[in-house]
Amino acid sequence: MTVPLPPGEFEIISRYFAGHSARGDVVLGVGDDAALLQVPADRRLVAAMDTIVEGVHFPAGTAARFIGHRALAVNLSDLAAMGAEPAWALLSLSLPESDPDWLQAFSSGFHDLARRYNVALVGGDTVKGPLVITVQVMGFIEADHALTRGGARPGDFIYVSGIPGEAAAGLAVIQRQLQGGKAGEILQHRFNSPEPRVALGRALRTLASAAMDVSDGLLGDLGKLCDASGCAAQLELDRLPASPSMPALFDAAAVERFALSGGDDYELLFTVPAERASEFEALCGNLEPACTRIGRMTQRDAGQPVVQCLRGGRPVTVETSGYDHFAGA
Ligand code: ADP
Ligand code: MG
């Protein structure tokens with residue numbers, strides 16, 4: 001009996017990653033020294049890159065299909081936050097070993113998501129090393145319509161999509177091996193399979209004044225949007241979207257902590273000028289997921305916190321911190 005050898009580098013590329021450039025604007029995809037891509041004349045190219053590392057961005061032992069999905073999803077989330085339409089991706093894969101089952105599952109997770117958003121994998125790199133996956137995505141935006149973090153003005157309403165905190169709660173369910181029943185499954189799914197909010201980002205590009213995706217915790221990320229816009233914000237804790245799942249497993253204080261400083265949501269945080277809020281909210285009904293108004297942008301004032309949390313209309317102090325890879329290092 002012959003034991004099949006694990007696939008080598010070229011076999012990995014041709015078996016799992018070549019032939020996935022089904023877009024007319026890919027002049028040359030995987031296989032040559034570089035890809036050749038046709039950018040539409042009337043659009044700007046939007047580019048983003050994100051790396052995920054085993055043990056840092058996902059627990060060791062995470063199913064390969066989820067890792068493949070996550071590697072692309074976190075990048076598409078960045079394009080969504082700019083209002084861009086995704087087009088192409090490059091994939092750099094550092095693998096400790098060549099395992100066909102792992103590669104099959106990883107590539108299925110990646111390609112299934114890519115197909116849903118019409119993204120062509122046009123190149124990459126494959127090396128042996130610790131499990132580290134870097135994806136670069138590129139997409140298009142109509143000139144002058146890009147959503148940035150810097151366009152918010154005092155008085156703008158602040159919205160968030162989905163239910164911030166559920167992904168972090170899902171990670172806690174996984175790490176603490178909680179028996180969470182149906183609620184636990186929903187939360188784990190939020191962590192394992194984040195859905196990039198591409199359609200929402202596209203809809204926002206003519207309505208929102210500023211946008212970003214929430215990856216490091218709502219409070220910290222709102223602070224970044226405030227910094228970029230030169231504003232401050234009031235966040236109304238009573239307005240945070242209620243999770244049907246988190247309270248089944250966690251007490252109210254933990255739920256609020258997940259919502260404010262848990263990471264990995266990949267929801268969109270954005271601002272809409274007050275005079276356009278009714279137009280936006282009318283459109284909201286047709287969008288998946290629901291968006292919730294959670295506060296207002298305010299003038300920046302040296303004596304005041306950049307993000308002020310209100311409960312029952314009164315300022316409160318909440319202890320939170322966003323995720324920072326090098327904090328305390
Ligand atoms: P080079 O030696 O010129 O860097 P490689 O042998 O690394 O080329 O890659 C050969 C081709 O396969 C290139 O087109 C490259 O973009 C593509 N490629 C390599 N790894 C991947 C991957 N993980 N996913 C998609 N394409 C890949
Ligand atoms: Mg190479």
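Just follow the structure's listing: the first ligand is 1, and inside any ligand the first atom is 1.
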Item checked: Gln179 atom CD, over 12 foreign heavy atoms within 6.0 Å -> no
Margin query: Can you name the atoms of ligand 1, numbered from 1 with element, that are less than 4.0 Å from a heavy atom of Asp32?
Written below: 11 (C), 13 (C), 14 (O)
Notebook entry, point to check: Counting each atom of ligand 1 from 1 as listed, which ones have a heavy atom of Asp33 under 4.0 Å away?
Noted result: 3 (O)
Notebook entry, point to check: Relative to the heavy atoms of Phe17, which atoms of ligand 1 are at a distance of less than 4.0 Å?
Noted result: 23 (N), 24 (N), 25 (C)
Check: Would a hydrophobic clustering, with Ile, Leu, Val, Met, Phe, Trp and Tyr connected at side-chain separations under 4.5 Å, put Phe258 with Val307?
Finding: no
Notebook entry, point to check: On the ring face of Phe191, is Arg70 found with NZ or CZ under 6.0 Å from the centre and within 45° of the axis?
Noted result: yes
Item checked: Closest to atom 25 (C) of ligand 1 among Ala35, Gly123, Ser21, Ala34 (heavy-atom distance) -> Gly123
Next item on the list: Could you check Leu187, Leu171, Thr62 and say which one makes a side chain to side chain contact (heavy atoms under 4.5 Å, CB included) with Asn192?
Entry: Thr62
Notebook entry, point to check: For Leu121, is at least one N or O under 3.5 Å away from an N or O on ligand 1?
Noted result: no
Note to self: Using a 4.0 Å heavy-atom cut-off, which part of Asp125 comes near ligand 1: side chain, backbone, both, or neither?
What the structure shows: both
Next item on the list: Report yes or no: is the cationic atom of Arg293 (NZ for Lys, CZ for Arg) under 6.0 Å from the centre of the six-membered ring of Phe157, at an angle within 45° of the ring normal?
Entry: yes
Note to self: Ring-plane angle category for Phe270 and Tyr159, please: parallel below 30°, perpendicular beyond 60°, tilted otherwise.
What the structure shows: parallel
Next item on the list: Give the atoms of ligand 1, by number and element, whose distance to some non-hydrogen atom of Phe10 is under 4.0 Å.
Entry: 6 (O)
